Amino acid sequence: MLRQISGSIAVAEAIALCRPEVVPCYPITPQTHIVEHISTLVKSGQLKNCSYENVESEFASMSFCIGASAAGSRTYTATASQGILFMMEAVYNASGLSLPIVMTLGNRAIGAPINIWNDHSDAMSVRDAGWIQLFVESNQQALDVHIQAFKLAEALSLPVMVNMDGFILTHAITRVDMPTQEQVDQFLPPFVARQKLDTDAPLSIGAMVGPDAFTEVRYLAHHKQKEALAIIEQQAAEFQEIFGRDSGGLIKSYYAEQSEIVFVAMGSVVGTMQELVEELRAEGHSVGILSLRSFRPFPGNAISKALSNAKQAIIFEKSFAVGMGGVLASEIHMATVSNDLKISSVIGGLGGRTITKKSLGKIVECAMHGELDKEVFLDLEGTTVVKELRRQQEGQSSGPVAENILRDMGVVSASKTL
Amino acid sequence: MNKQDTSTLNPSDRQTVKFYQTGTFTVGNRLLDEEFRTVQATTERSNSLDSGHRACQGCGQALGARYALDAAMRATDNKIIAANATGCLEVFTTPYPETAWSIPWVHSLFGNVAAVASGIAAALKSKGDTTTRVIAQGGDGGTTDIGFGCLSGMFDRNDDVLYICYDNGGYMNTGVQRSSATPPAARTATTMPVGDNPGSSFNTGKYLPTIAMAHEIPYVATASVHDLHDLERKVEKAMTFRGARYIHINVPCPLGWGSQPAFTIKLSRMGVECGLVPLFEAENGQLTDSTKIRYRIPVEEYLKLQRRFAHVLKPHNTHQLDAIRAIAESNIKRFNLL
Ligand SMILES: Cc1ncc(C[n+]2csc(CCOP(=O)(O)OP(=O)(O)O)c2C)c(N)n1
Ligand code: SF4
Ligand SMILES: [Mg+2]
């Protein structure tokens with residue numbers, strides 16, 4: 001059924017169609033509307049046989065998921081930003097114990113400086129945590145990929161995180177096609193746990209493992225993620241058969257194979273890029289996009305193949321490793337060592353800064369003239385940076401950076417409301 | 001210990017229960033009429049925590065955990081799922097690939113056992129399973145310090161979990177550091193007996209049983225491993241309530257206390273008899289009962305069997321001894337122990 005709703009409500013209703021049995025939650029912008037709506041669905045009796053609990057922290061929320069999942073329940077939660085940092089130890093634990101929990105990450109920047117707006121720092125902070133990490137470009141995909149996430153998690157007995165851009169997707173009201181319960185039931189079978197706390201068949205979960213077996217346990221986690229590469233594709237195909245939509249999968253190419261210059265990106269920015277690319281192609285330019293829908297597992301082979309005809313890849317990221325640079329860029333470097341490919345890393349959209357078609361257009365223009373640097377910070381206010389650097393050189397007590405910069409930029413009043 | 005290669009245990013895989021001692025307290029009054037006998041009086045008991053684990057000789061926690069879990073098993077017709085915090089109990093029971101647990105058991109992290117147990121209880125609730133019950137267990141560090149937030153949350157929501165804290169007065173698994181349950185003056189690796197106020201500081205620390213009572217949960221009790229009948233009774237009683245319950249068990253630790261393994265039961269009793277370890281029960285925040293001290297002993301009798309208090313008994317530290325006496329005195333008044 002076609003509905004005109006926000007991304008958060010769409011996701012909440014999709015989750016309800018997946019019949020979760022346990023949903024703990026903790027508020028943090030911009031994911032809060034998702035769990036608020038699930039709470040109403042449970043309390044009103046629309047979502048049956050579901051224990052919903054507003055717990056005391058994100059650490060408790062993920063720990064609650066761990067207990068519930070180990071006891072054989074389909075389990076879901078959502079968080080963002082500071083929330084995933086607060087639950088970090090349990091995030092690693094959930095994947096270490098191979099528990100098929102599904103979590104939405106309403107992607108948001110990480111402080112300090114505290115910032116509630118969108119970027120991918122939170123997703124990247126858990127890139128080595130052993131979770132499957134999927135990204136979506138639109139609210140329709142968000143809805144669809146959550147349904148696939150449960151099936152994927154349970155097939156592999158691994159936790160799955162669906163990354164959805166905060167505000168840009170969570171708060172945007174768009175048209176979505178909401179599947180029926182029958183369709184979801186046909187796609188997603190009831191949960192059968194690979195390991196379960198059961199009084200009729202007692203087993204111990206979470207034993208201490210020393211050097212004798214630790215490598216094997218860790219290797220298996222890696223192996224399972226590699227298995228996921230095929231399963232993600234297979235399930236996206238199954239999904240398309242039942243729901244008639246192309247959602248999910250490892251990568252999505254928009255003219256990538258037949259273009260000289262290719263953007264590589266994750267999430268909603270692909271939408272902006274699509275508009276730009278259509279315009280540029282209409283003008284006869286050879287520009288395409290490769291959207292990464294699965295970040296973990298990292299589909300290195302698929303990326304290398306999709307970029308086999310490209311001369312230049314512009315890796316666009318909404319986060320970076322401070323002191324190193326673009327994480328995605330360096331991973332794509334690794335995946336394409338045998339391609340004849342020039343790679344530039346473009347960092348943009350940090351802390352919610354708007355990524356305009358115009359700015360992206362300038363990047364392509366530079367690339368076309370062979371003038372794109374290896375590392376670019378999109379729309380960086382160079383003068384402000386220089387001013388602060390000079391201030392720091394001039395005196396040891398130059399004060400807090402964020403406040404200085406706000407004052408320089410004339411947004412000092414904003415500092416009071418942060 | 002059970003080899004876990006088959007993952008699940010058949011009853012026949014379990015070790016047969018043997019009686020090592022014949023005293024009345026230790027094997028549960030086998031001379032009594034059957035109905036009065038304790039859980040441990042029969043070889044048919046569940047043996048939730050098998051022998052062969054790696055606890056130190058004389059470990060009070062190993063003893064307390066076995067009695068508590070077996071009692072809970074009897075009370076629920078063997079329908080117990082347990083979650084464990086990181087700590088000695090977790091480490092000495094599950095050295096990969098073996099496990100000493102013959103009940104479904106999960107270990108996640110150091111500071112989250114209450115939330116993990118709440119999650120298990122939520123799963124049972126959504127499945128409509130009202131017979132299986134959940135126990136969370138942790139050491140004093142896992143309970144009073146790092147796991148305190150999750151525990152308070154579990155109390156707040158009144159989740160249907162019995163939380164058992166094994167209090168040995170310190171972070172023993174990491175080599176005896178101070179926790180907020182470490183008694184004043186006690187030597188630990190982070191509160192050495194040096195300076196003017198040797199050992200752990202006075203006027204610090206927190207007592208979780210009364211904090212649990214402040215949450216007005218259905219049932220709170222304290223117990224000590226010298227009176228195992230009392231411990232079993234409290235666990236069985238706890239299982240008659242629904243909602244959040246808390247039992248705080250005093251478990252001597254020969255390694256951390258610097259005491260002889262053979263004195264574990266003796267010290268457990270002496271702690272109670274000198275007034276430093278009050279035994280009581282509370283329902284919905286109100287004290288309902290406390291165990292009277294039978295033969296009151298001076299605190300120094302108790303302290304002198306533990307090297308962690310050796311400095312307290314030195315002549316120049318009488319101010320510390322006086323302060324400890326005052327704590328015992330205040331417990332006696334507060335919990336009505338005489
Ligand atoms: C987050 C975290 N911090 C620290 C540790 C290290 N650690 C493991 S067990 C333990 C001490 C446990 O003390 P307690 O809870 O009192 O149990 P005990 O070993 O004394 O029975 C510590 C500090 C850890 N595993 N995880
Ligand atoms: S250190 Fe103490 S608590 Fe730990 S196993 Fe040894 S006696 Fe038991
Ligand atoms: Mg301890």
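Just so it is clear, the model here is predicted, and its values are computed rather than measured. The chains referred to below are lettered A, B, ... by the order of the sequence lines, with proteins before strands, and numbering in each begins at 1.
- Of the listed residues (K196(A), R74(A), E89(A)), the greatest number of heavy-atom pairs within a distance under 4.5 Å of chain B belongs to E89(A).
- Contact count versus chain A (heavy atoms, under 4.5 Å) is highest, among R157(B), K125(B), M154(B), for R157(B).
- Atom CD of Q181(A) sits in a crowded spot, with more than 12 heavy atoms from other residues, nucleotides or ligands closer than 6.0 Å.
- Both the backbone and the side chain of L197(A) have a heavy atom closer than 4.5 Å to some heavy atom of chain B.
- For A94(A), no part lies near chain B; criterion is any non-hydrogen pair under 4.5 Å.
- Proximity to chain A (any heavy atom under 4.5 Å) is shown, for D129(B), by neither the backbone nor the side chain.
- Only the side chain of N93(A) comes within contact range of chain B, with at least one heavy atom under 4.5 Å from a heavy atom of that chain.
- At a cut-off of 3.5 Å, with distance as the only test, no side-chain donor of H37(A) or S8(A) sits close to an acceptor on the other residue.
- Using the six-membered ring where Trp is involved, F150(A) and Y76(A) have ring planes that are tilted, between 30° and 60° apart.
- If you run side-chain hydrogen bond (donor to acceptor under 3.5 Å, both in side chains) between W105(B) and each of T93(B), N84(B), T94(B), T99(B), only N84(B) comes through.
- With a 4.5 angstrom heavy-atom cutoff, I80(B) touches chain A only via backbone atoms.
- S108(B) touches chain A through backbone and side chain together, each having a heavy atom under 4.5 Å away.
- By number of non-hydrogen pairs under 4.5 angstrom with chain A, the leading residue of P104(B), A123(B), S118(B), A114(B) is P104(B).
- With a 4.5 angstrom heavy-atom cutoff, A122(B) touches chain A via backbone and side-chain atoms both.
- The aromatic rings of H53(B) and F92(B) are tilted relative to each other, their planes meeting at an angle between 30° and 60°.
- Salt bridge status for D122(A) with R108(A): absent, with no side-chain N to carboxylate O gap under 4.0 Å.
- Heavy-atom pairs under 4.5 Å with chain A were tallied for S126(B), C150(B), G153(B), A82(B); the largest tally goes to S126(B).
- By the 6.0 Å contact criterion, CZ on F191(A) is enclosed, its count of non-hydrogen atoms from other residues, nucleotides or ligands being greater than 12.
- Judged by the 6.0 Å distance and 45° axis criteria, K151(A) is positioned over the aromatic ring of F187(A).
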